[in-house]
Amino acid sequence: MNRFHKLDKMTSTRCAVCKYFRRRCPPDCIFAPYFPNNDPQKFTCVRRFYGASNIGKMLEEMPVHLRADAVDSLYYEAKCRTQDPVYGCVGIISSLHQQIQIAQSQLAKALAELSFLDANLAAAEPTLSHSEPLVQPNGVVDHGLVDPLNTWFY
């Protein structure tokens, strides 16, 4: 009974990497902060594409403040490579780049149409502003509410 208690204690404190290799996790384990024991899939996915020794070398050579982002990036790249073995992240990046180009093209087209409509509106407007009422020769003030040529509200 005591033997199982020790084994359980040892497995609960090991990181995912040390669990994978069935070894004790040292207190200064370089993998422990980035591959916790509650997420073994993360290490398995990354190891499949980069190898455990290469991951260890990358982490050792990298400044401590960049390691978490690097591991997250490696994990994302490995997941993308699993989903798309040929292109991986590059496929997603090129797809997003293409969507940006399409959106920019549509925006340019809409802005050109807007400026065209603004130019046509400016050319069609009378010289007086809309807020000034028109005084007809017979003395009647026309506020521009009744326009016989504009029948949109009839």
Side-chain angles (χ1 to χ4, degrees), residues 1-132 144-145 147 150-154:
M1 182 106 170
N2 193 8
R3 179 174 166 227
F4 292 116
H5 180 67
K6 285 182 182 178
L7 185 63
D8 186 42
K9 185 178 179 184
M10 186 177 83
T11 58
S12 65
T13 59
R14 293 187 297 174
C15 67
V17 178
C18 294
K19 265 187 180 181
Y20 180 82
F21 288 114
R22 297 180 182 165
R23 64 181 185 200
R24 289 190 180 188
C25 195
D28 61 339
C29 180
I30 195 166
F31 299 109
Y34 315 109
F35 298 104
N37 62 357
N38 60 353
D39 191 9
Q41 292 293 341
K42 185 175 185 178
F43 173 70
T44 305
C45 186
V46 173
R47 182 200 56 82
R48 188 177 306 136
F49 290 100
Y50 298 102
S53 63
N54 288 334
I55 297 168
K57 289 174 189 174
M58 282 189 267
L59 290 176
E60 286 174 355
E61 294 174 3
M62 194 170 298
V64 176
H65 68 279
L66 297 176
R67 289 179 182 172
D69 290 335
V71 169
D72 290 341
S73 178
L74 289 173
Y75 180 53
Y76 181 74
E77 290 176 20
K79 281 193 327 186
C80 290
R81 185 64 66 178
T82 301
Q83 293 169 357
D84 185 359
V86 176
Y87 294 108
C89 287
V90 176
I92 294 171
I93 291 169
S94 65
S95 171
L96 292 173
H97 185 66
Q98 185 179 17
Q99 289 177 14
I100 289 171
Q101 287 178 335
I102 290 169
Q104 286 175 336
S105 171
Q106 290 173 344
L107 177 63
K109 203 182 281 187
L111 289 174
E113 186 176 340
L114 185 62
S115 66
F116 176 75
L117 292 174
D118 281 345
N120 285 343
L121 182 65
E125 285 183 344
T127 56
L128 295 175
S129 69
H130 290 289
S131 61
E132 298 176 17
L145 299 176
D147 183 6
N150 190 359
T151 59
W152 66 270
F153 57 88
Y154 291 111

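Just the heavy atoms: all of them, side chains too, but no hydrogens, waters or symmetry mates, feed the values below.
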query: Does the side chain of Gln101 pick up a donor-acceptor pair with the side chain of Ser105 at under 3.5 Å?
result: no

- request: Tell me, with the steps shown, if Lys19 and Phe43 meet side-chain contact (heavy atoms from CB on, under 4.5 Å).
  value: CA-CA 10 Å; Lys19 265 187 180 181; Phe43 173 70; over 6 Å; no

- request: Taking only Lys NZ, Arg NE, NH1 and NH2, and the carboxylate oxygens of Asp or Glu, determine whether Asp72 and Lys42 approach each other closer than 4.0 Å.
  value: yes

Derivation and outcome, side chain to side chain donor-acceptor pair (under 3.5 Å), residues Ser73 and Glu77: CA-CA 6 Å; Ser73 178; Glu77 290 176 20; 3.2 Å; yes

message: I need the Asn54 CG to Leu74 CG distance, nearest 0.5 Å.
response: 10.0 Å

message: Is there a side-chain contact (heavy atoms from CB on, under 4.5 Å) between Val71 and Met58? Walk through the geometry before answering.
response: CA-CA 9 Å; Val71 169; Met58 282 189 267; over 6 Å; no

message: Once rounded to the nearest 0.5 Å, what's the spacing between atom CZ of Phe31 and atom SG of Cys15?
response: 7.5 Å

- prompt: When you look at Cys18 and Arg24, which way does the side-chain contact (heavy atoms from CB on, under 4.5 Å) test go after all the steps?
  reply: CA-CA 6 Å; Cys18 294; Arg24 289 190 180 188; over 6 Å; no

- request: Might you confirm whether atom OH of Tyr87 has over 12 heavy atoms from other residues, nucleotides or ligands at distances under 6.0 Å?
  value: no

message: Can you tell me how far apart CZ (Phe21) and CZ (Arg14) are? Round to the nearest 0.5 Å.
response: 12.5 Å

message: With a 4.5 Å cut-off on side-chain heavy atoms, are Val46 and Tyr76 touching?
response: no

message: So does Gly91 get a backbone contact from the side chain of Ser95, meaning a donor-acceptor N/O pair under 3.5 Å?
response: no

query: Are the side chains of Tyr20 and Val17 in touch, meaning some heavy atoms are under 4.5 Å apart?
result: no

Side-chain donor or acceptor of Thr44 paired with backbone N/O of Pro40 under 3.5 Å: yes

field: Arg81 side-chain N/O to Val86 backbone N/O, donor-acceptor pair under 3.5 Å
entry: yes

- prompt: Are side-chain heavy atoms of Gln99 and Ile102 found at a separation under 4.5 Å?
  reply: no

- prompt: Is the closest side-chain heavy-atom distance between Ile92 and Cys80 below 4.5 Å?
  reply: yes

- request: Of all the heavy-atom pairs spanning Cys45 and Thr82, show the shortest one and how long it is.
  value: SG-OG1, 4.1 Å

statement: Value for CG (Asp69) from CE (Met62), rounded to nearest 0.5 Å, stands at 9.5 Å

- prompt: Taking the side chain from Arg67 and the backbone from Leu59, do they hold a donor-acceptor pair closer than 3.5 Å?
  reply: yes

